[in-house]
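Just below is one structure, and these are the notes that go with it.
Remember, predicted model here, so these are calculated numbers, not experimental data. Scope of the values below: all heavy atoms of this structure, side chains included, with no hydrogens, waters or symmetry mates.
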Amino acid sequence: MFSVDNNVVEILKVKLQEQFASDVSSFEILKDIPTFTITKTKIIELFRFLYDDDELQFRFLTTLCGMHFPDSDQPFGMVYHLHSFKNNLRIRIKSFTSSEDLVFPTVTVIFKTANWMEREAYDFFGIKFSGHPNLKRILNMEDIDFFPMRKDYPLEDQSREDKNDKMFGR
């Protein structure tokens, strides 16, 4: 199992609190990955800080993807995983927004690899990225008018009468 260097994690936590104060919240370690939430207006500033800091050097964007929690007051979000080869540490960064303001800043200005991943998040969740160089559908057909990964519909057909839910513990 991967072990986390607690000294580096503590340095990360202190630096983030000093640099971003109340914009960073819910710092915790989940499954050996330091995880925190940041307001979406500070994403670019945070990524530049993590990339440029000589001690941290988070210079590899492992992944980014959209999230949808329909029962939340901020139902849409992005999750980013960054890796520091220098410290052998991966971090998870989350940011959330409302349905009415479904736009995040593009991180392609720092990580070129974000291009395709942001297009995928747009394609499946409808999350837009301001400043993205070519934001268009990448996997789904251009003419579909919905976003398939949103949890807008029930998982099962509610009109079916031929199911016996007792056999499935429902």
Cluster overlap L64 with L102, hydrophobic side-chain contacts below 4.5 Å: yes
Look only at the side chain of H68 and the backbone of P75, and say whether a donor-acceptor pair between them is shorter than 3.5 Å. no
Donor-acceptor under 3.5 Å (E118 side chain, N115 main chain): no
For I38 and K42, work out which heavy atoms get closest and say how close. CD1-CB, 3.8 Å
Value rounded to 0.5 Å, distance of CZ in F36 from CG in L30: 12.5 Å
Report yes or no: does N87 contribute a side-chain atom to a donor-acceptor pair with the main-chain N or O of F58 at less than 3.5 Å? no
A side-chain contact here means heavy atoms from C-beta on lying under 4.5 Å apart; do F147 and R137 qualify? yes
Can you hop from V8 to F60 via hydrophobic side chains spaced under 4.5 Å? no
Where do L139 and D123 come nearest, in terms of heavy atoms and distance? N-OD2, 2.7 Å
Could you check if a side-chain atom of F49 sits within less than 4.5 angstrom of a side-chain atom of K15, using non-hydrogen atoms only? yes
Reported CZ-to-CG distance for the pair F27 and L12, which is rounded to 0.5 angstrom: 4.5 Å
Look at the side chain of R59 and the backbone N and O of Y51, then say whether any donor-acceptor pair between them is shorter than 3.5 Å. yes
Is F96 linked to L82 within one hydrophobic cluster, defined over Ile, Leu, Val, Met, Phe, Trp and Tyr using a side-chain heavy-atom separation of less than 4.5 Å? no
K86, NZ: over 12 other non-hydrogen atoms inside 6.0 angstrom: yes
Short side-chain to backbone donor-acceptor contact, K40 and V103, under 3.5 Å: yes
To the nearest 0.5 Å, tell me how far Q17 CD sits from S25 OG. 11.0 Å
Flag, side chain of R92 to backbone of H81, donor-acceptor distance under 3.5 Å: no
M117 to T113 - nearest heavy-atom pair and separation: CE-O, 3.2 Å
A side-chain contact here means heavy atoms from C-beta on lying under 4.5 Å apart; do R150 and F76 qualify? yes
Side-chain contact test, heavy atoms from C-beta onward, threshold under 4.5 Å: evaluate it for V109 versus R48 and give yes or no. yes
Are Y80 and I43 packed together at the side-chain level, in the sense that at least one heavy-atom pair is separated by less than 4.5 angstrom? yes
Distance check, rounded to the nearest 0.5 Å: L16 atom CG versus L50 atom CG? 6.0 Å
L46 and F20 have their tightest heavy-atom pair at CA-CZ, 3.3 Å
Tell me whether S95 contacts the main-chain N or O of I93 through its side chain, where contact means a donor paired with an acceptor under 3.5 Å. no
Looking at M67, I want to see if its CE is surrounded by more than 12 non-hydrogen atoms of other residues, nucleotides or ligands under 6.0 Å. yes
Are any side-chain N or O atoms of T108 and backbone N or O atoms of A114, one a donor and one an acceptor, separated by less than 3.5 Å? no
Heavy atoms, side chains only, cut-off 4.5 Å: are D152 and F146 in contact? no
For a 4.5 angstrom cut-off between non-hydrogen side-chain atoms, does T35 reach I91? no
Over all atoms of both residues, closest heavy-atom pair of I110 and I44: CD1-O, 3.8 Å
Which heavy atom of F129 sits nearest a heavy atom of I127, and at what distance? CE1-O, 3.4 Å
With the 4.5 Å side-chain cut-off for hydrophobic clustering, are V79 and W116 part of the same group? no
Value rounded to 0.5 Å, distance of NE2 in H83 from CD in Q57: 11.5 Å
Could you state the interatomic distance from CG (L135) to NZ (K128), rounded to the nearest 0.5 Å? 8.5 Å
